[in-house]
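I have placed the structure first, in the form of structure tokens, so that the comments after it can refer back to it.
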Amino acid sequence: MPTSYQAPMRKDQAKSRTHSQDQSTNLQPESATVGTVLGQKGGEVFTIAPGETLGHAVEILRDRRIGALMVAAESGALCGILSERDIVRKLADTPGQTLPKLVSEVMTSSVETCAPGDALVSVLKRMTEGRFRHMPVVDADKLVGMITIGDVVNFRLKELEYEALQMKQLIVG
């Protein structure tokens, strides 16, 4: 006959206990990195040239179902980033005249980047403090991907689900 739940008793405290992650374990250097997320997500990079029009950029954003494009020179060097927010702000400033504008006129040219070895927690902190959702990933001056807040949240949720499953197996098993 299966046993039902019994509240812990004083003698049970002698057993070793496990604990969930806390702030100190999440901030350890061996925690998940940008490269880990890119490995799962893939490193596909969508770019646009600075001389293209916003109309073309809007089509790419729509067709690819993404929220930002990296702006790259012909050499492949990162020049900036163009997000939906950048376009919406320009639409408000120049209604009816926005789509023919050049990407270089609207893009954010001061771009924060990260590297594949950067800890996710530090990248997320920078994104939150800077109030942006997309960050290009650069490795040895080469653009290798883009990470978003959504990528980080999704990765963390999967980790939490895995941890919960492990705890459930420990309790049941």
- Given L165 and E161, is the side-chain contact (heavy atoms from CB on, under 4.5 Å) satisfied, shown in steps? CA-CA 6 Å; L165 181 63; E161 287 174 359; over 6 Å; no

- Message: Rounded to the nearest 0.5 Å, what separates atom CG in L160 from atom CZ in F155?
- Response: 10.5 Å

- Message: Strictly distance-based, threshold 3.5 Å: is any side-chain N or O of D118 a donor or acceptor partner for the main-chain N or O of A115?
- Response: yes

- Message: For T108 and D86, which I'm curious about, is there any donor-acceptor pair between the side chains at under 3.5 Å?
- Response: yes

- Task: For the pair T94 (side chain) and K90 (backbone), establish whether a donor and an acceptor sit closer than 3.5 Å, ignoring hydrogens and angles.
- Result: yes

- Might you point out which heavy atoms bring P95 and A92 nearest each other, and give the distance in Å? CD-O, 3.8 Å

- Message: On a heavy-atom basis, which atom in M146 and which in D151 lie closest, and how many Å separate them?
- Response: O-OD2, 3.8 Å

- Task: Can you measure from CD1 (I171) to CE (M167) and round to the nearest 0.5 angstrom?
- Result: 6.0 Å

- Message: Just so I know, are the side chains of P116 and T33 near enough to count as touching, which here means a heavy-atom distance under 4.5 Å?
- Response: no

- Query: Which heavy atom in P50 sits nearest to a heavy atom in A72, and how many Å separate them?
  - Reply: CD-O, 3.4 Å

- Query: So which pairs with a foot in residues 131-142 pass side-chain hydrogen bond (donor to acceptor under 3.5 Å, both in side chains), sequence neighbours left out?
  - Reply: none

- Item | Residues E159 and R156 bridged, charged N to O under 4.0 Å | yes

- Distance (rounded to the nearest 0.5 Å) between L91 CG and T98 OG1: 4.0 Å

- Task: State, yes or no, whether a side-chain contact exists between I87 and L54 at a heavy-atom distance under 4.5 Å.
- Result: yes

- Check whether L157 and M127 end up in the same hydrophobic cluster, where Ile, Leu, Val, Met, Phe, Trp and Tyr are linked by side-chain heavy atoms less than 4.5 Å apart. yes

- Can you tell me which residue pairs pass the side-chain hydrogen bond (donor to acceptor under 3.5 Å, both in side chains) test with a partner in residues 44-62, sequence neighbours excluded? none

- Item | Minimum heavy-atom distance I81-V111, with the two atoms named | N-CG2, 3.7 Å

- Joint hydrophobic cluster, V106 plus L102, side-chain heavy atoms closer than 4.5 Å: no

- Test item: D63 side-chain N/O and I60 main-chain N/O as donor-acceptor pair under 3.5 Å: no

- Query: K41 side chain to T36 main-chain N or O, any donor-acceptor pair under 3.5 Å?
  - Reply: no

- Check the hydrophobic clustering (I, L, V, M, F, W, Y; side-chain heavy atoms under 4.5 Å; chains of links allowed) and say if M135 and I66 are grouped together. no

- Message: Evaluate V58 against L99 for side-chain contact (heavy atoms from CB on, under 4.5 Å), listing each step before the verdict.
- Response: CA-CA 8 Å; V58 168; L99 295 181; 3.9 Å; yes

- Cluster overlap F132 with M70, hydrophobic side-chain contacts below 4.5 Å: no

- Message: More than 12 heavy atoms of other residues, nucleotides or ligands under 6.0 Å from CZ of R64: yes or no?
- Response: no

- Message: Please report the interatomic distance NZ(K125) to CG(L120), rounded to the nearest 0.5 Å.
- Response: 14.5 Å

- Query: Which atoms form the tightest heavy-atom contact between A57 and V103, and what is the distance?
  - Reply: CB-CG2, 4.3 Å

- Task: Take V137 and L143 through the test side-chain contact (heavy atoms from CB on, under 4.5 Å) and record every step on the way to the result.
- Result: CA-CA 6 Å; V137 183; L143 198 52; over 6 Å; no

- Message: Quick check for you: to the nearest 0.5 Å, what is the distance between I147 atom CD1 and L38 atom CG?
- Response: 6.0 Å

- Task: May I ask whether L124 and V121 are part of the same hydrophobic cluster, defined by side-chain heavy atoms of I, L, V, M, F, W, Y residues being less than 4.5 angstrom apart, directly or through others?
- Result: no

- Return the minimal non-hydrogen interatomic distance between C114 and R126, and the atom names on each side. CB-NH1, 4.2 Å

